Engineer: 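First the structure, then my questions, so here it is.
Predicted model only: the values in this text are computed from it and were never measured. Note: hydrogens, waters and symmetry copies are ignored here, and every other heavy atom, side chains too, is used. Throughout, a chain's letter reflects where its sequence line sits, starting with A, and its residues are numbered from 1.
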Amino acid sequence: AQSVTQLDSQVPVFEEAPVELRCNYSSSVSVYLFWYVQYPNQGLQLLLKYLSGSTLVESINGFEAEFNKSQTSFHLRKPSVHISDTAEYFCAVLLAGGGADGLTFGKGTHLIIQP
Amino acid sequence: ETGVTQSPTHLIKTRGQQVTLRCSSQSGHNTVSWYQQALGQGPQFIFQYYREEENGRGNFPPRFSGLQFPNYSSELNVNALELDDSALYLCASSLDSVGEQYFGPGTRLTVT
């Protein structure tokens with residue numbers, strides 16, 4: 001079975017500062033990796049994903065994540081955060097080659113942007 | 001292209017009752033997955049339906065059941081509600097089991 005660990009439940013950071021949200025996973029088989037964002041009282045939105053190829057993936061709103069197979073990590077980074085980035089961020093994995101087991105999520109990291 | 005919608009938005013039920021939650025997938029998406037998100041936790045996979053058949057299930061008891069219809073709508077049914085069933089229930093649709101999952105806004109279920 002696979003599992004996802006998000007090491008920080010809450011990350012406070014000042015506006016325009018850089019941020020890194022950490023994610024580690026455990027799986028005996030290959031997985032696809034995802035970051036989802038959840039704004040208050042809303043569903044989940046896909047932020048970015050790694051399926052194969054380049055280990056650095058980017059989103060349209062300035063976030064990026066790097067897949068590190070040796071460290072089984074998929075940390076999310078942004079060089080300069082904005083107030084609107086305040087949200088809950090979830091890291092998730094999906095078994096490669098067959099997704100009928102669904103996404104396995106971490107417990108989430110609450111990103112708090114301070115003015 | 002419409003997004004994924006869920007109804008109702010909020011629901012309050014009493015322990016022991018039964019509940020049906022509804023989801024309307026994006027047109028053309030043959031796969032729907034349901035997740036339970038308890039307060040302060042990440043979503044947990046309940047089950048997945050592909051072309052009206054259950055093809056994957058998480059660690060949830062049989063009192064959690066579902067249906068998927070040809071018109072891209074689906075239902076999650078929970079029998080004999082327990083207090084611990086209080087959560088946000090999310091559905092997600094995708095083209096297939098490995099495709100990108102598009103989530104609905106969720107139904108907040110409170111069991112008293």
Engineer: Does any backbone or side-chain atom of A:Tyr36 lie under 4.5 Å from a heavy atom of chain B? Answer side chain, backbone, both or neither.
Structural biologist: side chain

Engineer: Contact part of B:Glu100 toward chain A, heavy-atom cut-off under 4.5 Å: side chain, backbone, both or neither?
Structural biologist: side chain

Engineer: Relative to chain A, which segment of B:Leu88 carries a heavy atom at a distance below 4.5 Å: side chain, backbone, both, or neither?
Structural biologist: side chain

Engineer: Should the pair A:Phe74 and A:Tyr50 be assigned to parallel (<30°), tilted (30 to 60°) or perpendicular (>60°) ring geometry?
Structural biologist: tilted

Engineer: I need the residue from B:Ser94, B:Gly58, B:Gly40, B:Gly56 with the largest number of non-hydrogen atom pairs under 4.5 Å to chain A.
Structural biologist: B:Gly56

Engineer: Give the member of B:Tyr50, B:Tyr35, B:Phe47 that has the highest number of heavy-atom pairs under 4.5 Å with chain A.
Structural biologist: B:Tyr35

Engineer: Is there a side-chain contact between A:Thr109 and A:Phe90 (heavy atoms, below 4.5 Å)?
Structural biologist: no

Engineer: Using the rule that Ile, Leu, Val, Met, Phe, Trp and Tyr join whenever any side-chain heavy atoms are under 4.5 Å apart, tell me whether B:Phe64 and B:Leu83 fall into a single cluster.
Structural biologist: yes

Engineer: Take the angle between the ring planes of A:Phe63 and A:Tyr89 and call it parallel below 30°, perpendicular above 60°, tilted in between.
Structural biologist: tilted

Engineer: Does B:Leu76 belong to the same Ile/Leu/Val/Met/Phe/Trp/Tyr cluster as A:Leu44, with side-chain heavy atoms less than 4.5 Å apart forming each link?
Structural biologist: no

Engineer: Side chain from CB out, backbone as N, CA, C, O: work out which of these in B:Arg57 comes under 4.5 Å of a heavy atom of chain A, or both, or neither.
Structural biologist: backbone

Engineer: Could you tell me which portion of B:Gln6 (side chain, backbone, both or neither) has an atom closer than 4.5 angstrom to a non-hydrogen atom of chain A?
Structural biologist: neither

Engineer: Are B:Phe45 and A:Leu94 packed together at the side-chain level, in the sense that at least one heavy-atom pair is separated by less than 4.5 angstrom?
Structural biologist: no

Engineer: Membership question, hydrophobic clusters at under 4.5 Å side-chain separation (ILVMFWY): are B:Trp34 and B:Phe103 in the same one?
Structural biologist: no

Engineer: Based on non-hydrogen pairs under 4.5 Å, which of A:Lys107, A:Gln6, A:Gln45 is most in contact with chain B?
Structural biologist: A:Lys107

Engineer: Indicate whether the side chain of A:Asn24 and that of A:Ser26 have a donor and an acceptor atom separated by less than 3.5 Å.
Structural biologist: no

Engineer: Which region of A:Leu46, side chain (C-beta onward) or backbone (N, CA, C, O), has a non-hydrogen atom less than 4.5 Å from a non-hydrogen atom of chain B, or is it both or neither?
Structural biologist: side chain

Engineer: Quick check on the interface: out of B:Gln44, B:Glu54, B:Gln41, who has the most heavy-atom pairs with chain A under 4.5 Å?
Structural biologist: B:Gln41

Engineer: Pick one of side chain, backbone, both or neither for A:Gln38, based on which atoms fall under 4.5 Å of a heavy atom in chain B.
Structural biologist: side chain

